[in-house]
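In what follows, chains are A, B, ... by sequence order, proteins preceding strands, each numbered from 1. Computed from a predicted model, the values in this text were never measured in an experiment.
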Protein chains: 2
Amino acid sequence: MTSSTPAGMQRPGGRTARVRAAVLRAAEDALVEVGFAGFDLGDVARRAEVGRTTVYRRWGTVGALLADVLTGMAEQSLPRARTGSLHEDLRANARLVRRTLADPRQGALFRAVLVAAAGDPAAAEALHRFYRVRVAEWAPCVTEAVERGEVPAGTDPEEVVRAVSAPLYYRMLTTAEPLDEAAADRAAAAAEAAARAGAFRAG
Amino acid sequence: MTSSTPAGMQRPGGRTARVRAAVLRAAEDALVEVGFAGFDLGDVARRAEVGRTTVYRRWGTVGALLADVLTGMAEQSLPRARTGSLHEDLRANARLVRRTLADPRQGALFRAVLVAAAGDPAAAEALHRFYRVRVAEWAPCVTEAVERGEVPAGTDPEEVVRAVSAPLYYRMLTTAEPLDEAAADRAAAAAEAAARAGAFRAG
DNA sequence: TCATTAACGGGACTCCTGTTCCATTAGCGC
DNA sequence: GCGCTAATGGAACAGGAGTCCCGTTAATGA
């Protein structure tokens with residue numbers, strides 16, 4: 001499941017690992033350059049200087065390959081903020097999400113995987129796992145805010161974290177407006193206000 | 001631009017209109033049944049009992065055809081709620097959005113167009129126009145709430161409306177959890193709380 | 001009603017994606 | 001090292017998506 005140890009391989013060392021790494025890197029490059037629409041496994045094989053047959057045999061579908069790319073991205077998860085204030089923590093989270101989506105490379109990857117997940121169960125599963133991990137990583141910011149009394153008891157921490165990201169994704173998908181830092185700060189402020197008002201209490 | 005009067009056609013009557021309607025209906029059916037991944041213009045032509053050549057000549061790309069389908073959907077826009085209370089209005093909006101996304105037919109269409117918009121400029125433009133119209137339709141709910149004093153002056157009405165939809169779309173895309181009515185009500189309540197706290201004042 | 005021609009439809013053709021077969025290369029255990 | 005065989009890579013093959021050409025149909029206006 002990790003980048004260096006392909007699952008299901010009986011000889012995961014040397015050449016196999018090299019091929020795998022080259023293909024995953026080539027897949028990222030291809031996504032950024034041609035986007036999801038023009039994404040082609042044959043093209044990826046060419047970029048990776050690997051046989052087409054190998055790519056089709058190991059991954060088979062676009063969705064499976066993107067799921068693997070996403071799994072690799074999940075491993076380099078950035079640690080959450082620990083500023084001691086809910087306001088600062090949520091803003092840090094919003095800005096991190098914004099920076100990721102606005103980054104030409106990472107943004108293209110996320111959009112591509114979102115698209116792939118709509119049609120491929122493997123990609124969808126990888127995507128859902130990715131967000132479960134990311135949300136769980138930041139949830140303690142809210143838990144600690146509850147303990148500090150900043151937010152009502154019973155507040156669902158993960159729901160608050162999701163509320164920070166949601167407006168940014170919605171804006172990216174449904175409008176042509178750029179994702180600037182002001183939008184990130186607004187998203188964080190709105191989630192914080194709703195949390196303080198008790199809108200995310202379970203029940 | 002309307003369904004019955006194709007733009008750019010010099011003979012929009014009779015046969016042309018019939019062909020157009022059949023193709024758009026077939027496109028919706030195909031999307032619901034095979035999804036965006038398996039969407040093929042030849043298949044649409046077969047379903048519509050129309051020549052492949054016609055479909056390729058009139059629309060050319062998947063994105064262009066989906067943009068046309070979406071334009072048709074935008075025309076049958078439902079009127080906004082007018083309950084006299086921000087709470088009820090936002091909840092009505094959230095429930096409408098939820099019902100639309102959870103509906104097998106409309107939900108599949110929306111996901112497909114979101115996907116198409118990621119790779120096709122024409123589809124993206126149609127999608128953005130669609131959401132501009134939808135948001136503008138519901139914005140008066142917030143404007144009136146400002147006039148009633150429910151929400152601070154200077155609140156951006158469209159931002160509040162978007163804040164209602166955002167968590168629902170985010171949930172649909174990034175988790176496997178079903179979009180139930182409780183989720184809709186939570187989304188409405190969170191947006192309302194943030195609005196009352198002044199989180200959406202222009203700045 | 002009739003002439004004009006916009007729009008449609010069938011079929012052949014091309015290119016590209018994905019599969020299969022088999023020879024070659026190189027991990028891995030001994 | 002050496003042998004075994006997992007894994008790779010090239011080449012030939014099949015199927016399908018999109019294009020082009022041209023004959024047919026029917027909307028439009030007089």
Visitor: Distance check needed: dT19(C) C1' versus Trp59(A) CH2, whole Å only.
Guide: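 From Trp59(A) CH2 to dT19(C) C1': 18 Å.
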Visitor: Quick one: Phe39(B) CZ to dG18(D) P, roughly how many Å, whole number?
Guide: 10 Å
Visitor: Rounded to whole Å, how long is the line connecting atom CZ of Arg15(B) with atom P of dA7(C)?
Guide: 10 Å
Visitor: Quick one: which residue pairs count as a ring-ring contact (aromatic ring centres under 6.0 Å, His included) with a foot in residues 103-125 of chain A, not counting sequence neighbours?
Guide: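 Pairs touching residues 103-125 of chain A that pass the test: Phe110(A)-Phe130(A).
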Visitor: Go through the steps to decide whether Arg111(A) and Val115(A) satisfy the test side chain to side chain contact (heavy atoms under 4.5 Å, CB included), and finish with yes or no.
Guide: CA-CA 6 Å; Arg111(A) 277 186 291 274; Val115(A) 165; 5.5 Å; no
Visitor: Taking only residues two or more places apart in sequence or in another chain, which ones pass side chain to side chain donor-acceptor pair (under 3.5 Å) with Thr53(B)?
Guide: none
Visitor: Partners of Glu177(B) by side chain to side chain donor-acceptor pair (under 3.5 Å), sequence neighbours excluded?
Guide: Arg171(B)
Visitor: So for the helix from dT1(C)-dA30(D) to dC30(C)-dG1(D), with five pairs setting each end axis, what is the inter-axis angle to 10°?
Guide: 50°
Visitor: Can I get a per-line list of side-chain donor-acceptor pairs under 3.5 Å for residues 96-103 of chain A, giving both atom names and the distance, sequence neighbours left out?
Guide:
| unit_1 | atom_1 | unit_2 | atom_2 | d |
| --- | --- | --- | --- | --- |
| Arg98(A) | NH1 | Leu179(A) | O | 2.7 |
| Thr100(A) | OG1 | Leu96(A) | O | 2.8 |
| Asp103(A) | OD2 | Arg105(A) | N | 3.2 |
| Asp103(A) | OD2 | Gln106(A) | N | 2.8 |

Visitor: Return the set of residues passing ring pair (Phe, Tyr, Trp, His ring centres under 6.0 Å) with Phe36(A) (not counting sequence neighbours), or none when no residue passes.
Guide: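 Expected list: none.
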Visitor: For Asp40(A) and dA17(D), what is the distance between atoms CG and C1' respectively, to the nearest whole Å?
Guide: 14 Å
Visitor: Would you say Arg18(B) reaches dA27(D)'s phosphate, i.e. side-chain N/O to OP1/OP2 under 4.0 Å?
Guide: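 Answer is yes, contact under 4.0 Å.
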Visitor: Can you list everything that forms a side chain to side chain donor-acceptor pair (under 3.5 Å) with Asp185(A)? Sequence neighbours excluded, please.
Guide: Arg95(A)
Visitor: Specify the residues of residues 43-57 of chain B, ordered by number, for which at least one heavy atom lies under 4.0 angstrom from an atom of DNA chain D.
Guide: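 Per residue number, the list reads Arg52(B), Thr53(B), Tyr56(B).
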Visitor: Could you list the residues that satisfy ring pair (Phe, Tyr, Trp, His ring centres under 6.0 Å) with Phe39(B), not counting sequence neighbours?
Guide: none
Visitor: Tell me whether the OP1 or OP2 atom of dT8(D) has a side-chain N or O from Arg58(A) closer than 4.0 Å.
Guide: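 So the side chain of Arg58(A) is within the cut-off, an N or O lying under 4.0 Å from OP1 or OP2 of dT8(D).
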